[in-house]
There are 2 protein chains.
Amino acid sequence: MPAGDRMTQFDKALLGLRSMILSGEVEANSRLPEVQLSERFEISRTPLRKAMDLLVEEGLLERIETGGCRVASFTRSDIVDAIELRGVIEGTAARLAAERGASAADLAQCDRILDGIDAALDAPGGLDFDRYVALNAQFHAMLATLSGSAVMRREVDRVTRLPLASPSAFLQGQDLIPDFRESLRRAQHQHRALVAAIRGREGARAEALAREHARLARQNLDHVMKGDARLHARVPGLALVSAP
Amino acid sequence: MPAGDRMTQFDKALLGLRSMILSGEVEANSRLPEVQLSERFEISRTPLRKAMDLLVEEGLLERIETGGCRVASFTRSDIVDAIELRGVIEGTAARLAAERGASAADLAQCDRILDGIDAALDAPGGLDFDRYVALNAQFHAMLATLSGSAVMRREVDRVTRLPLASPSAFLQGQDLIPDFRESLRRAQHQHRALVAAIRGREGARAEALAREHARLARQNLDHVMKGDARLHARVPGLALVSAP
DNA sequence: ACCCGTGGTGATGTATACAAGATGGGCTCA
DNA sequence: TGAGCCCATCTTGTATACATCACCACGGGT
């Protein structure tokens, strides 16, 4: 395997498939023919199949009983459940971090990230959205690290990749919404409280905060689903969501 | 793909690998050479590699940066964390079942399973161990179903397959321990309480019970690790556990 | 004696060929 | 005319061949 950062055929397949699916280019429940895709990506079926296997694990694709895969589709309640689950698992990471004690260095790193988010929120010329998303992801990854458990870290990573459950899944496009920045400030306030709880060894508080923090994503989901078509087109993966 | 129950080459590889690893035949951190294994199982590398990919996802194998896989090794605290995580996720399933309301039919099915466990505990001629293990697994699967959420069901299934975190991971061999049956009765009492909490729509109680119930597995783990060599040989996967 | 470069060896990643099975359309028969 | 069966086609699952890359030992130079 190419060590490090070289773009392997498998990566090409993975990125290509994700992009195809989330962009809505292929519609939900449609079958994905392997040869056609392998020709499109100019790779052989072997790495393509491996990428499809991974996407099945992630839940973006479903296996068909008779063989092959199709694009998965999600209901609102699927996504709500996935978000709830993320909150629960991040909450456990936060609780363990509080109970077991996080290192001063890691906590300081959290503070630095949160300072960065403050700066992104108050950037001259308005909200620096990309920077916010990147730092937000960093903060959530750091939360998993604070628990000091490789198992937790791994599972937080995993649940964060559940389709449409990531901390920044439904942020795209919301910068059009007037009080969006205010909502980000509320999120940031929760970030600060979360770190304070961990620092103060308040496990139950940390857990509850992380859970409620994740539920902010539910509001974002509803905002986006109620939005107009222009908004819909900007949100990756929204085409996979059916009504109920 | 062969629909249904035919034994495919992939299944052969998966079962063979799992058995090799859990039996301790290959030691922790040792590399798994693909060609050698494919010859041993009399299959080609293609389905073998797919099986290895899956085991990497499950955490039983680790990918080596330079390519290939090795057998993972676990510390006691890895397993404790995995058990805690299972408790948290099963707890969430139980809470959602209570909050959203489980169907009477599903609850009745739970009761039937629990009656079966009672029967297995009091079987003429002593504890019917295999029956207990099977019914216990059924009960835990049912718990996931009660939540009414496909997402929860999927993730409970998944976390139950984390290495050495399953509800029956460390039961093997414990029938040698005198008060083992008593410990199973305690577990069964928690099962009953759990169903009662869900039936009574007591979400927080259900969640707490499921968490504490999972932690019984921690006791089993410690019993087994303190046990003698005769016990060690009977517990699948214990060879992968290193001290700290 | 020790370090560095170089070639051999075996590993994995990828491509392609082959075979079994599913799918769909057309044909036959009632 | 409609229903059921059969065959062609395409799909996937598996096997195998090939290319590339890492690891390791050996030899030469300092």
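Reminder, nothing fancy here: chain letters follow the sequence lines and each chain counts from 1. Atoms considered below: every heavy atom in the structure, side chains included; atoms not considered: hydrogens, waters and symmetry mates.
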**Request:** Can you measure from CD (A/E90) to OG (A/S147) and round to the nearest 0.5 angstrom?
**Result:** 11.0 Å

**Request:** Return the value, rounded to whole Å, for the distance between atom CG of B/L48 and atom P of C/dG13.
**Result:** 12 Å

**Prompt:** Can a salt bridge be assigned to the pair A/E84 and A/R218 using a cut-off of 4.0 Å between side-chain N and carboxylate O?
**Reply:** yes

**Request:** Taking only the side-chain heavy atoms of B/R49 (C-beta and beyond), determine which of C/dT16, C/dA22, C/dG13 contains the nearest atom.
**Result:** C/dG13

**Asked** What class does the angle between the rings of A/H191 and A/H140 fall in, given that below 30° is parallel, 30 to 60° is tilted and above 60° is perpendicular?
**Response** perpendicular

**Request:** To the nearest Å, give me how far apart CG (B/D53) and P (D/dT14) are.
**Result:** 14 Å

Just distance, no hydrogens or angles: give the donor-acceptor pairs under 3.5 Å from side chains in residues 156-163 of chain A, sequence neighbours left out.
from   : atom 1 : to     : atom 2 : distance (Å)
A/R158 : NH2    : A/E57  : O      : 3.2
A/T160 : OG1    : A/V156 : O      : 2.8

**Gap separating the CG atom of A/L143 from the CD1 atom of A/I89, nearest 0.5 angstrom** = 12.5 Å

**Complete:** So, with a heavy-atom separation below 4.0 Å from DNA chain C, the residues of residues 26-38 of chain B are B/L32, B/P33, B/E34, B/V35

**Complete:** The nucleotide from C/dG13, C/dA15, D/dG13 with an atom nearest the side chain of A/P47 is C/dA15

**Asked** Rounded to the Å, how far apart are A/E39 CD and D/dT11 P?
**Response** 10 Å

**Prompt:** Is the closest basic N to carboxylate O distance between B/D81 and A/R154 below 4.0 Å?
**Reply:** no

**Message:** Quick check: closest heavy atoms across B/E27 and B/V71, and the distance to 0.1 Å?
**Reply:** O-CB, 3.8 Å

**Request:** Check the distance between C/dG10's C1' and B/I64's CD1 and give it to me in whole angstrom.
**Result:** 14 Å

**B/R45 CZ to C/dT16 P, straight-line distance once rounded to whole Å** = 16 Å

**Message:** Quick check on D/dA15: is either OP1 or OP2 less than 4.0 Å from any side-chain nitrogen or oxygen of B/S44?
**Reply:** yes

**Message:** For C/dT12 and B/T66 - does any side-chain N or O of the residue sit under 4.0 Å from the phosphate oxygens OP1/OP2?
**Reply:** no

**Asked** Taking the nucleotide of DNA chain C with the closest heavy atom to each, which residue, B/C69 or B/T46, is nearer the 5' end?
**Response** B/C69

**Asked** Does B/Q9 place a side-chain N or O at less than 4.0 Å from the phosphate oxygens OP1/OP2 of D/dG13?
**Response** no

**Prompt:** What is the distance, rounded to the nearest whole Å, between atom NZ of A/K50 and atom C1' of C/dA15?
**Reply:** 15 Å

**Message:** Rounded to whole Å, how long is the line connecting atom CE of A/M7 with atom C1' of D/dC21?
**Reply:** 19 Å

**Request:** Take atom CD1 of A/I43 and atom P of C/dA15, then tell me their distance rounded to the nearest Å.
**Result:** 7 Å

